[in-house]
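What follows is a single structure, written as structure tokens, with notes after it.
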Amino acid sequence: MKESVFFKQPKPSTVIILGVFMLSLTLLLMYEGTVELNQIIGMTIIGTVLLAYSVSYELRNDLENFKHFRLVGLSLFKQKFIFSSDYISVFSASAKKSSKWGPIAAMGKDTRNEYFVIRLFKANEHFTVFRSNSYETVVAKATELGRILNIEVIIKE
């Protein structure tokens, strides 16, 4: 019996900001009446797609893994990828974003994001399949994935 686990990837905050900006600008321009209908439709579609798309990985016990590109939860396109693993590791990670580029540049500081990661390992290769701020969510998903793939899960606290 085929079993699978989906891992929805987090969307970058800049994409969310841009989508909200596009929809807000569309509403403002509609209110002012300074744009044509085709521009309103185009900007609405762009803003909606930015907010409604997602990328997720489907890992299956028959090793036919897929990367799904979704719009409003419906899979529009899926791409097969091959990665078999010896074991799964769950650990805490941190990412540093410098002030040279991005939304932090205006504040002139560095920011550090702490999250938990599920990573698949095969010899010297690895593949990060999921990250979250919730330790319980990551451990539950890694345990389920380990059960489905019948491989060892190493949890580092």
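By convention here, the first residue in the shown sequence is residue 1. Because only heavy atoms are used, hydrogens play no part in the values below, and waters and symmetry mates are left out as well, while side chains stay in.
Rounding to the nearest 0.5 Å places OH of Y115 at 11.5 Å from OG of S132. Distance CG/L63 to CD1/I82: 9.5 Å, rounded to 0.5 Å. One finds the NZ atom of K67 at 6.0 Å from the CD atom of Q79 (value rounded to the nearest 0.5 Å). In this structure, the separation between OG1 on T34 and CG on L28 is 7.5 Å, given to the nearest 0.5 Å. Residue L18 holds its CG atom at 11.0 Å from OG of S13, rounded to the nearest 0.5 Å. In this structure, the separation between OG on S85 and CD1 on I151 is 3.0 Å, given to the nearest 0.5 Å.
Sequence neighbours left out, the pairs with a member in residues 130-157 that pass ring-ring contact (aromatic ring centres under 6.0 Å, His included) are F7-F130, F116-Y135. Judged as a ring-ring contact (aromatic ring centres under 6.0 Å, His included), not a single pair has a partner in residues 138-157 (not counting sequence neighbours). Among pairs with a residue in residues 24-51, none fulfils ring-ring contact (aromatic ring centres under 6.0 Å, His included), at least two apart in sequence or across chains.
Looking at residues two or more places apart in sequence or on another chain, you find a side chain to side chain contact (heavy atoms under 4.5 Å, CB included) between E36 and N38, Q39. Partners of D86 according to the side-chain hydrogen bond (donor to acceptor under 3.5 Å, both in side chains) rule, which considers only residues two or more places apart in sequence or in another chain, are K122. The side chain to side chain contact (heavy atoms under 4.5 Å, CB included) search around N124 returns none, not counting sequence neighbours. The side-chain hydrogen bond (donor to acceptor under 3.5 Å, both in side chains) check on T137 picks up S134, with sequence neighbours excluded.
Contact annotation: the side chain of V129 never approaches that of I88 to less than 4.5 Å [non-hydrogen atoms, C-beta and beyond].
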For L29 and M43: C-alpha separation, side-chain torsions, deciding distance, then whether side-chain contact (heavy atoms from CB on, under 4.5 Å) applies. CA-CA 10 Å; L29 293 174; M43 290 174 65; 4.0 Å; yes
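Under the 4.5 Å side-chain heavy-atom criterion for Ile, Leu, Val, Met, Phe, Trp and Tyr, I41 and L23 are members of distinct hydrophobic clusters. The hydrophobic clustering, which links ILVMFWY residues whose side-chain heavy atoms are closer than 4.5 Å, places F66 and F69 apart. Residues M22 and L71 share a hydrophobic cluster, clusters being chains of Ile/Leu/Val/Met/Phe/Trp/Tyr side chains in contact below 4.5 Å.
K11 NZ: more than 12 foreign heavy atoms inside a 6.0 Å radius. For F21, the CZ atom counts as loosely surrounded, since its 6.0 Å shell holds 12 or fewer non-hydrogen atoms of other residues, nucleotides or ligands.
Residues F121, I154 make up the rest of the hydrophobic cluster containing Y87, defined by ILVMFWY side-chain heavy atoms closer than 4.5 Å, directly or through other members.
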Side-chain atoms of residues 140-148: list all donor-acceptor pairs with protein atoms under 3.5 Å, sequence neighbours left out, distances to 0.1 Å.
from, atom 1, to, atom 2, distance (Å)
K141, NZ, F6, O, 3.1
T143, OG1, V139, O, 2.7
R147, NH1, E3, OE2, 3.4
R147, NH2, E3, OE2, 3.4

Donor-acceptor contacts, no H, no angles, side chain residues 45-58, under 3.5 Å, sequence neighbours left out:
from, atom 1, to, atom 2, distance (Å)
T48, OG1, T44, O, 2.7
S56, OG, R70, NE, 3.4
E58, OE1, H68, NE2, 2.7
E58, OE2, S4, OG, 3.4

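Smallest separation of non-hydrogen atoms from R119 and F91: NH1-CZ, 3.8 Å.
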